[in-house]
Amino acid sequence: MPARIAFTTETPAGPRTVSLAYERRGAGEPLLLLHGIGHHWQAWEPVLDVLATERDVIAVDLPGFGASDGLPEGCPYDLPTVTSVLGAFCEAVGVVRPHVAGNSLGGLLALELGREKLVRSVTALSPAGFWSEGERRYAFGTLRAMRGAALSLPVPVIERLSRTPAGRAVLTSTIYARPGRRSPEAVVAETLALRGASGFHQTLAAGRTARFHPGVPAVPVTVAWGTGDRLLLRRQGVRAKQALPDARLVRLPGCGHVPMNDDPALVARVILDGSR
């Protein structure tokens, strides 16, 4: 069972208590894992045990997602606030400057943690924030449609769809290049996580102005992009390399927007290599 911790963090509304759920496994240098919008820490399950052979892995549910509580009233879900919350979370669980890997929203947050010098290395998998305005609108519209579908489908229908590869493709092909590889149980759980995400709309609203701004300090940065990413198109990876000329840019052949399930061995290797 995931653990839960409550801690105090500074917010624009003053000091507030935040409660986050997380999974912790393994031993070695600490590695913080950050999922994308609408997901939960279990997005990392395909690579967790491999990473845990070499790292003290901490996969956290972001505020308002998974089993974590939403942010206190009056606290925005913007990058500065959530980055501050994650820094306070690391202190609360006894971790100083972990490595960090993030996917999508989590990738942008990972880069922000690097900017704030709170981590020792960054691996960003299809990070948000390198889009054009048209690409952002497309991505946000797709996410809203996914959320709407998750809310409208009765649970028995979700469970029935998840039992077949074709049904799992209906539910998850936007984020996975190989949705048939995802287990029925995982597809049901992440669809319910999407419909229950209390921070979804606030995070999406804050994301309208979210952009990556160059200036990550001298920490190792890896940016990896799935060649089959249908949500944040892979040309955004070229922009990421232009904005981060010292970063290592890695192609993930045959992987979608959430690549951990499409090719766990490759993604685990990219993360481990990036957190040396």
Side-chain angles (χ1 to χ4, degrees), residues 21 34-45 61-71 73 75-79 82 102-109 125-129 131-210 226 228-233 236 255-262:
L34 307 175
H35 62 77
I37 186 172
H39 230 307
H40 53 177
W41 72 260
Q42 289 90 337
W44 298 98
E45 191 70 75
D61 280 337
L62 295 174
F65 297 98
S68 287
D69 293 344
L71 291 175
E73 187 174 354
C75 295
Y77 283 72
D78 58 12
L79 287 176
V82 179
N103 173 225
S104 194
L105 167 64
L108 180 55
L109 287 167
L125 310 175
S126 293
W131 43 47
S132 67
E133 179 57 23
E135 290 165 347
R136 184 200 65 76
R137 289 197 301 268
Y138 160 75
F140 282 26
T142 301
L143 289 166
R144 289 191 191 95
M146 291 174 63
R147 163 90 164 180
L151 287 167
S152 66
L153 289 172
V155 174
V157 174
I158 294 171
E159 292 173 339
R160 186 164 64 250
L161 285 170
S162 73
R163 294 187 192 117
T164 67
R168 293 195 290 278
V170 168
L171 293 170
T172 65
S173 62
T174 302
I175 59 172
Y176 299 127
R178 297 161 179 153
R181 292 187 176 184
R182 197 73 168 141
S183 74
E185 297 78 14
V187 169
V188 171
E190 62 196 19
T191 304
L192 296 180
L194 176 57
R195 70 189 284 171
S198 64
F200 181 86
H201 289 299
Q202 298 97 316
T203 299
L204 213 59
R208 292 193 191 106
T209 56
D229 194 330
R230 297 174 58 192
L231 188 65
L232 298 182
L233 305 180
Q236 295 173 39
C255 289
H257 182 63
V258 182
M260 298 82 79
N261 183 74
D262 290 326

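What you see below is based on every heavy atom in this structure, not just the backbone, and it leaves out hydrogens, waters and symmetry mates.
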_Any donor-acceptor N/O pair, Asp78 side chain to Ala206 backbone, under 3.5 Å_ = no
_All side-chain hydrogen bond (donor to acceptor under 3.5 Å, both in side chains) counterparts of Thr203, not counting sequence neighbours_ = none
*For the pair Ser68 (side chain) and Ala21 (backbone), establish whether a donor and an acceptor sit closer than 3.5 Å, ignoring hydrogens and angles.*
yes
*Partners of Arg147 by side-chain hydrogen bond (donor to acceptor under 3.5 Å, both in side chains), sequence neighbours excluded?*
none
*Establish, from distance only, whether the side-chain atoms of Ser104 and His257 form a donor-acceptor pair under 3.5 Å.*
yes
*Give the minimum heavy-atom separation between Phe200 and Leu194, together with the two atoms involved.*
CE1-CD1, 4.0 Å
_Rounded distance (nearest 0.5 Å) linking atom OG1 of Thr174 with atom CG of Leu231_ = 7.5 Å
*For Glu185, which residues count as a salt bridge (Lys or Arg N to Asp or Glu O under 4.0 Å) partner, sequence neighbours excluded?*
none
_Pairs where residues 133-144 contributes a residue and the test salt bridge (Lys or Arg N to Asp or Glu O under 4.0 Å) is met, not counting sequence neighbours_ = Glu133-Arg136, Glu133-Arg137, Glu133-Arg211, Glu135-Arg235, Glu135-Arg239
*Short side-chain to backbone donor-acceptor contact, Asn103 and His35, under 3.5 Å*: no
*With sequence neighbours excluded, what pairs up with Phe140 under the ring-ring contact (aromatic ring centres under 6.0 Å, His included) test?*
Trp131
*asked:* Going by side chain to side chain contact (heavy atoms under 4.5 Å, CB included), name the residues that satisfy it together with Ile158, two or more places apart in sequence or in a different chain.
replied: Leu153, Leu171, Val188, Thr191, Leu192, Arg195
*Run the numbers on Leu125 and Met260 for side-chain contact (heavy atoms from CB on, under 4.5 Å), then give the verdict.*
CA-CA 9 Å; Leu125 310 175; Met260 298 82 79; 3.9 Å; yes
_Per the ring-ring contact (aromatic ring centres under 6.0 Å, His included) rule, what does the pair list look like for residues 159-185, sequence neighbours excluded?_
none
_Partners meeting side chain to side chain contact (heavy atoms under 4.5 Å, CB included) with Ala210 (sequence neighbours left out)_ = Leu79, Leu108
_Sequence neighbours excluded - salt bridge (Lys or Arg N to Asp or Glu O under 4.0 Å) pairs with any residue from residues 156-183_ = Arg182-Glu190
*Does the Thr172 side chain pair with the main chain of Ala169, one donor and one acceptor, at a distance under 3.5 Å?*
no
*Does Leu71 offer a backbone N or O that forms a donor-acceptor pair with the side chain of Tyr77 under 3.5 Å?*
yes
*For Gln42, what residues pass the side-chain hydrogen bond (donor to acceptor under 3.5 Å, both in side chains) criterion, not counting sequence neighbours?*
His40
_For a quick test of reading the model, state the closest non-hydrogen atom pair linking Arg230 to Tyr138 and the distance between them._
O-OH, 2.7 Å
*Looking at residues at least two apart in the chain, or sitting in another chain, which of them share a side chain to side chain contact (heavy atoms under 4.5 Å, CB included) with Pro156?*
Pro154
*Ser126 and Leu232: which non-hydrogen atoms are nearest, and at how many Å?*
O-CD1, 3.5 Å
*Pro63 and Val82: which non-hydrogen atoms are nearest, and at how many Å?*
CD-CG1, 4.3 Å
*So do the side chains of Leu109 and Leu105 get within less than 4.5 Å of each other, counting heavy atoms only?*
yes
*Using side chain to side chain contact (heavy atoms under 4.5 Å, CB included) as the criterion, list what pairs up with Thr164, not counting sequence neighbours.*
Ala166
